[in-house]
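So the structure is just underneath, and the comments pick up after that.
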2 protein chains.
Amino acid sequence: MKAYDSSKYVTPDGYTADITVFTILSEKKEKKAPPEMTLHMMLIQRKETDSEGNPNVEGGKWAIPGGFIHPDETGIDAAVRELNEETGVAGLHIRHFGVYDKNGRDPRGWIISNAFYAIVPESSLVNRRAADDAADVKLFSMDDVMNLDLAFDHRDIITDALAIIRTEMIRTTTAKNFLPEEFTLSELQRVLLTVTNDPKIASDPVFFAKAPKLPFIELALDAAGQPKKTTRHSYRPSRLYKFNGIDVIESIYG
Amino acid sequence: MKAYDSSKYVTPDGYTADITVFTILSEKKEKKAPPEMTLHMMLIQRKETDSEGNPNVEGGKWAIPGGFIHPDETGIDAAVRELNEETGVAGLHIRHFGVYDKNGRDPRGWIISNAFYAIVPESSLVNRRAADDAADVKLFSMDDVMNLDLAFDHRDIITDALAIIRTEMIRTTTAKNFLPEEFTLSELQRVLLTVTNDPKIASDPVFFAKAPKLPFIELALDAAGQPKKTTRHSYRPSRLYKFNGIDVIESIYG
DNA sequence: CAACTAATTATTAATTTTATAATTACTAAT
DNA sequence: ATTAGTAATTATAAAATTAATAATTAGTTG
């Protein structure tokens, strides 16, 4: 690269990656009722001291997994590495969604962070364990997250990530990742209700009337061509549906 | 990094960035009619020979601007640099959308490409000029693009980028980037028709009835609170509208 | 047999959409 | 002064969908 004396300029004091990881937890509380589903995210608790025994900045606080990007790696490389180091989680499909660079966001100085997000099935997170700079790692419901005294500007990052997750869930067929291949309408409904309380979804008569007609959903049929049914959530057999792979783009113009 | 003898393995022969850049050209053909707008993209013509005078692979063919990523830079760094080097264009907001790694896509060997896209106002591209590996640089209508004998797998990359551009235009208020701050409904209509021929947009009575009621569009008012009008496209004064900054997420579930 | 509950369907009024026709507000041409 | 043209706008009537709620069904359990 061209001659450039960085000592002559104010340069960033650090460059980091933060990875917001969401999942949907499903809890079957009643034998005959659909499971309760809630959006959760995985956070790590920062160790009180760093690797040299010195008091850690924002030590003890819950935070988004992440850490410093090394000069020889990209942001996403660092994100993948840090996530694995701090939580033991790997193989997630993460995406970049923003850069957080407000001066003052970190007491250590001018620290710029690249934020990533993923929403994954719970099975991807079962083997998590805190390590490296993390004293603990847990899944929190979004209500609980918002009641935490989070480190740095992580509340802002989480708010933005949440908006993206919600948009994706509502605008695309992302919900299918949290459903069995053949699902009931109430199961789909519960997944969607983890990110919205739109009455068109919350209302059984409205949703049950509309959903079977959506172009990307179809009845699951048995070998004889009859609609498949299940009694896993009710005494009355419920019809099973599946996504048919059609991608829909809903126009905002009508 | 850990000890690793890459000579023991088959490794990629190259790692590149390709940048699909779209714009919408607006041509006022009649004194009293809205302009014709068409989606275009900027392509470069590959030089016949490389910098050492040897015949260039796919020399003479039209292609997406781009080139090899250096080890000391990220894909997006390379994309920005190559775009500027080959076309003189800079300052665009580009986004990554895919990796093209099919073996055989490039006769030179196992070449992996990161694809980026941007859709920008024409004003961002007026100072383009071919340089570096590019013999020429031009804007092509999408019809013309699809009739070109493009280099490598660039037709596939372009097809995917186009789908993303269309989705963004239909799903979000991206159209506003191609309109004056205060626009007529027919101007908005023409922008949208560059990416779709949906009759709900193509039909004047339908579109003119619906558009004013959209939550993210409102009438432009003068100082006296009266609707602003223009005769730039018709003898009869047409109402002017503007986007009001509201972001809408249209649910695919109803 | 009655009661319960998730799933499903029905009902009716209100609203929107569909498909097209008609009108308006300006000109330009005669 | 009148007619014709055209982009923008509005009207019309039938069809379809939505809104809001009630009712019913299909299985159980007690």
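Just the heavy atoms: all of them, side chains too, but no hydrogens, waters or symmetry mates, feed the values below. Labels below follow one simple rule: chain letters A, B, ... track the order of the sequence lines, proteins then strands, and each chain is numbered from 1.
If you take CZ of A:R190 and C1' of C:dA7, they are 11 Å apart, rounded to a whole angstrom. Counting to the nearest Å, the P atom of D:dA7 and the CD atom of B:Q189 are 11 Å from each other.
The closest donor-acceptor contact from the side chain of B:T20 to the backbone of B:F116 lies under 3.5 Å. Remark: the backbone N or O of B:G66 is paired with a side-chain donor or acceptor of B:E86 at under 3.5 angstrom.
Both the sub-6.0 Å distance and the 45° axial angle are satisfied by A:K32 relative to the ring of A:Y235.
Under a 4.0 Å N-O distance rule, the pair A:E181/A:K242 does not qualify as a salt bridge. One finds a salt bridge joining B:E182 and B:K228 here, because a Lys/Arg side-chain nitrogen approaches an Asp/Glu carboxylate oxygen to under 4.0 Å. The existence of a salt bridge linking B:E36 and B:K28 is excluded, since no basic side-chain nitrogen approaches an acidic carboxylate oxygen closer than 4.0 Å.
In this structure, a donor-acceptor pair under 3.5 Å is absent between the side chains of B:E122 and B:H40. Between the side chains of A:T159 and A:D156, no donor N or O sits under 3.5 Å from an acceptor N or O.
Using a 30° and 60° split on the angle between ring planes, A:F183 and A:F243 fall in the tilted class, from 30° to 60°.
Taking a 4.0 Å limit (strictly below) on heavy-atom distances, residues 26-36 of chain A does not reach DNA chain D anywhere. Within residues 191-212 of chain A, the residues approaching DNA chain D are A:K200, A:P205, A:K210, by heavy-atom distance under 4.0 Å. Contacts of residues 226-244 of chain A with DNA chain C (heavy atom under 4.0 Å): A:H233, A:S234, A:R236, A:S238, A:R239.
Here OH of A:Y241 is found 11.5 Å from CD of A:E218. Values are rounded to the nearest 0.5 Å.
At D:dA7, none of the side-chain N or O atoms of B:S186 fall inside 4.0 Å of OP1 or OP2 (strictly under the cut-off).
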